[in-house]
**Q** 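Starting off with a structure, shown below.
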Amino acid sequence: MLNMLALALVVVIITVAVVPHQTLSATTPKQALPGCKSTCGNVQIPYPFGIGNSSTPGHRPCFLDRKFKLTCDGSILYYGNVRVSNISFLSHQIDLLASFASLCHQQNGSELPKSYHLRTGSFSISSNENKLLTVGSDSYGYVNSYFNGESYSTGCLTSSHGNTKRIKNGTCSGIGCCQVDIPPGMRNITLRARVFHNSTLDWGNCSYSFVVKNGFYNFSTTDIQSFPHKKIPLVLDWTVGNKSCDDSNSKGNEACKWNSYCDDKDTDFGYRCRCKDGYEGNPYLGCTDIDECKTDNHTCISEQNCVNTIGSHTCFCPKGLSGNGTKEEGCHKRDVVPKVVIGVGAAIVILFVGTTSLYLIYQKRKLVKLREKYFQQNGGSILLQQLSTSENSSRITQIFTEEELKKATNNFDESLIIGSGGFGTVFKGYLADNRVVAVKKSKIVDESQKEQFINEVIVLSQINHRNVVKLLGCCLEREVPLLVYEFVNNGTLYDFIHTERKVNNETWKTHLRIAAESAGALSYLHSAASIPIIHRDVKTANILLDNTYTAKVSDFGASRLVPIDQTEIATMVQGTFGYLDPEYMRTSQLTEKSDVYSFGVVLVELLTGEKPYSFGKPEEKRSLTNHFLSCLKEDRLFDIVQIGIVNEENKKEIMEVAILAAKCLRLNGEERPSMKEVAMELEGIRIMEKHPWINTDQNVEETQHLLHEASSSIYELGDSSSHQYAGYDSIRDHVLIALDDGR
Ligand SMILES: *[C@@H]1O[C@H](CO)[C@@H](O)[C@H](O)[C@H]1NC(C)=O
Ligand SMILES: *[C@@H]1O[C@H](CO)[C@@H](O)[C@H](O)[C@H]1NC(C)=O
Ligand SMILES: *[C@@H]1O[C@H](CO)[C@@H](O)[C@H](O)[C@H]1NC(C)=O
Ligand SMILES: *[C@@H]1O[C@H](CO)[C@@H](O)[C@H](O)[C@H]1NC(C)=O
Ligand SMILES: *[C@@H]1O[C@H](CO)[C@@H](O)[C@H](O)[C@H]1NC(C)=O
Ligand SMILES: *[C@@H]1O[C@H](CO)[C@@H](O)[C@H](O)[C@H]1NC(C)=O
Ligand SMILES: *[C@@H]1O[C@H](CO)[C@@H](O)[C@H](O)[C@H]1NC(C)=O
Ligand SMILES: *[C@@H]1O[C@H](CO)[C@@H](O)[C@H](O)[C@H]1NC(C)=O
Ligand SMILES: *[C@@H]1O[C@H](CO)[C@@H](O)[C@H](O)[C@H]1NC(C)=O
Ligand SMILES: *[C@@H]1O[C@H](CO)[C@@H](O)[C@H](O)[C@H]1NC(C)=O
Ligand SMILES: *[C@@H]1O[C@H](CO)[C@@H](O)[C@H](O)[C@H]1NC(C)=O
């Protein structure tokens, strides 16, 4: 009963976790009012056009005013009773599928004239986009505009007088087919087609007259007898309101929203809204800033030299180059200074130098002395001595000057900060030789530990492992030493796991590879390096990823070298909450097995996609490791494994990794496997994953059995560890633990 309750709870929690956050796509700006239909069939309906009332409270109409009211019948959009095929708020045009006027002579001599009337409201027939055409052998057609009591007409005639040779297919040349421009401002039109009496009517007895969008109609002589089109596209120009901008503005009923302006040029009725330069979107809903740097439309020599500003963009040149970065001027070396400037400048400089050189010399001496002092204080002479005796001269630490690093990080510009944690702040930097580096400004180093610090620098800089972030060098000329690392560009494993995205079997493969690589790196640090190095702060936030998602273990800020004859050292407890080895917390005895424990937490994080500690969750789920172990104990591993990664093929791998994680999390450090064993095990699982046939004799049931064994051996441990965790909370404030925003 209790079990079922717990299961139900887990299911509820998983369901809650899985509900995707509504992702608002910023790339496609809204075109319709909220709660309004934005398409009908495949036609977009941008505001001010709209259909019916909105579904949001208030149920306001979806259109600006009645003349923008459309209707949608199934998937067909109508303006009045005319079909709409496209609406554009950029060109302020609406494409309709209209009909035509016709007249056909019957054998008995009677005429059946059909005129066509199109009500356009205050929208006008676009005079640029359309023509009036009349098709027939001896005919004429015309269009009449009658709007607000004003009327005018235009038309064309065609007559072949029986001379059929002149009629040509493909062109509306004037014989068989004539065309004429539409005058501006025609609204509310009537079309009529007529045939001359006594005509010869060699090609057919019909005449057709219609307004058509340019380029749509291709004349053919067969059309005179039977017209092939049922509907003919034509284009209307639309405007808003019925007054000019000034009049509308003074009345306060201008429809143009933020970052747009009112335009009544070339309109005889109403006005149009347009986005201001540098903005895009629907001006009737409000325009948004264009990031010009992302488009090809910026004026800079490259995207890297471009900064987007609200409504515009500016160009710049990298530090050390002059110019304004625009295409016309570009960036170049700072060497062309106009002669006048040199003359005036020289005079000022001489004066300035004369009066201030003494002061400067004094200051400089002070600075040099200070730097020298810090250099010595930070163990610079020890480092120099070590370097001169180091036989491996190819990989020695580079000693950077403070100037170099200031230049590289733009004087520790805040915009270049790429991370900050318990042990310092990390800046992105560009060295003069174009290398990109990460510069770490450590927090104050204990005076008594300077020798150890230098030793670390030397040992770490000699480590050359593809899964360890490489230390390139350091700078000792400051009160706080700076460390220079290679730059790893793809964020942390923490972000990779906890950024919401779709997970699948591929994700699991990546997780497994990253786990194996990280384990390999830690195992190397523990055993392969000349002096064992305990990382002390293994966590997903300290595993960086490069652009191929290769793991790079980083942040040895807290790490300690262990002299070979000593496997345990007593230190002040340091680490990150949620990853800390309980044994180490209790005894303050640091061993390599503390890293193994923390790595176990990393494995659980990779399996579950959950954070190691969540203050917001119920007591029993706050600690991920406890929750994981109790799930294992109750044989419910797959309840806690991240949804989406499990499939039939990787079930066994996941179980084996879970067993491994459980072993790493054993309370008694001695019972935990060594990092080397963990790395080998993970490599083994990976090989099995690539070549599933290798291990066919050990089937899933068998693994299940092992899993069960592992979990039952955890039984008591799991219990006591939960007491242990209760202890954590109460001593949280007294022990130095980097909470790192709950990571
Ligand atoms: C839309 O709202 C108006 C009043 O704002 C109302 O007169 C009209 O009937 C409503 N139309 C529909 C389709 O609900
Ligand atoms: C609608 O009109 C816009 C602007 O004139 C054009 O870019 C777009 O291709 C048209 N869409 C269709 C479906 O004709
Ligand atoms: C002319 O012929 C058409 C059919 O061809 C017929 O519908 C119409 O009634 C006739 N008109 C007269 C006046 O005979
Ligand atoms: C549209 O034209 C018809 C006749 O062709 C006329 O009766 C009507 O008043 C006109 N509408 C407007 C708004 O002028
Ligand atoms: C025009 O093309 C049609 C077929 O599309 C053909 O029947 C007709 O004879 C052609 N007329 C001329 C004048 O070429
Ligand atoms: C048309 O022909 C009839 C006789 O066939 C003739 O009476 C009439 O005047 C002609 N009309 C015109 C406009 O040529
Ligand atoms: C056109 O009408 C005349 C009589 O008015 C008839 O002789 C002729 O056959 C008709 N032509 C066609 C193509 O229908
Ligand atoms: C008219 O001809 C052009 C090219 O010759 C063609 O692209 C177009 O589709 C034709 N239009 C129609 C309605 O057939
Ligand atoms: C102009 O529009 C306003 C509100 O939309 C309306 O009250 C007014 O009668 C219109 N004037 C004309 C001349 O159509
Ligand atoms: C590029 O910018 C110019 C001026 O800022 C603007 O007129 C033009 O429409 C823009 N072109 C594109 C494709 O955005
Ligand atoms: C950049 O320099 C060029 C050439 O000196 C000049 O024409 C242009 O106006 C400058 N642009 C800006 C944004 O200062």
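Note: hydrogens, waters and symmetry copies are ignored here, and every other heavy atom, side chains too, is used. Ligands are counted one by one from 1 in listed order, and the atoms in each one are counted from 1 as well.
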**Q** Would you confirm whether the ring centroid of Trp238 sits within less than 6.0 angstrom of the ring centroid of Phe63?
**A** no
**Q** Are Phe210 and Phe227 close enough that their ring centers fall under 6.0 Å?
**A**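 Ring centres of Phe227 and Phe210 closer than 6.0 Å.
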**Q** Looking at ligand 5, does any of its N/O atoms fall within less than 3.5 Å of an N/O of Thr221?
**A** yes
**Q** Would the His229 and Phe100 ring centres measure less than 6.0 Å apart?
**A**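 Between His229 and Phe100, the centre distance exceeds or equals 6.0 Å.
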**Q** Between ligand 5 and Asn169, is the shortest N or O to N or O distance under 3.5 Å?
**A** yes
**Q** Within a distance under 4.0 Å of any heavy atom of Thr222, pick out the atoms of ligand 5 and give their elements.
**A**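 Listed by number with element: 3 (C), 7 (O).
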**Q** Return yes or no for this condition: an N or O of Asn86 is under 3.5 Å from an N or O of ligand 2.
**A** yes
**Q** So which protein residues pack against ligand 4 under 4.0 Å, heavy atoms counted?
**A**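 Ligand 4 pocket, heavy atoms under 4.0 Å: His117, Tyr146, Phe147, Asn148, Asn188.
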**Q** Please list, in number order, the atoms of ligand 5 under 4.0 Å from a heavy atom of Ser220.
**A** 1 (C), 2 (O), 3 (C), 5 (O)
**Q** Kindly write out the residues that satisfy side-chain hydrogen bond (donor to acceptor under 3.5 Å, both in side chains) with Lys131, not counting sequence neighbours, or none if the list is empty.
**A** Asp181
**Q** To check you understand the geometry: which heavy-atom pair defines the closest contact between Tyr279 and Cys275, and what is its length?
**A**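 Nearest heavy atoms, Tyr279 then Cys275: O-CB, 3.6 Å.
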**Q** With rounding to the nearest 0.5 angstrom, report the CG to OG distance, Leu97 to Ser85.
**A** 4.5 Å
**Q** Does the distance from a Lys or Arg side-chain N to an Asp or Glu carboxylate O, for Asp268 and Arg187, drop under 4.0 Å?
**A** yes
**Q** Centre-to-centre under 6.0 Å for Phe68 and Phe123, is that the case here?
**A** yes
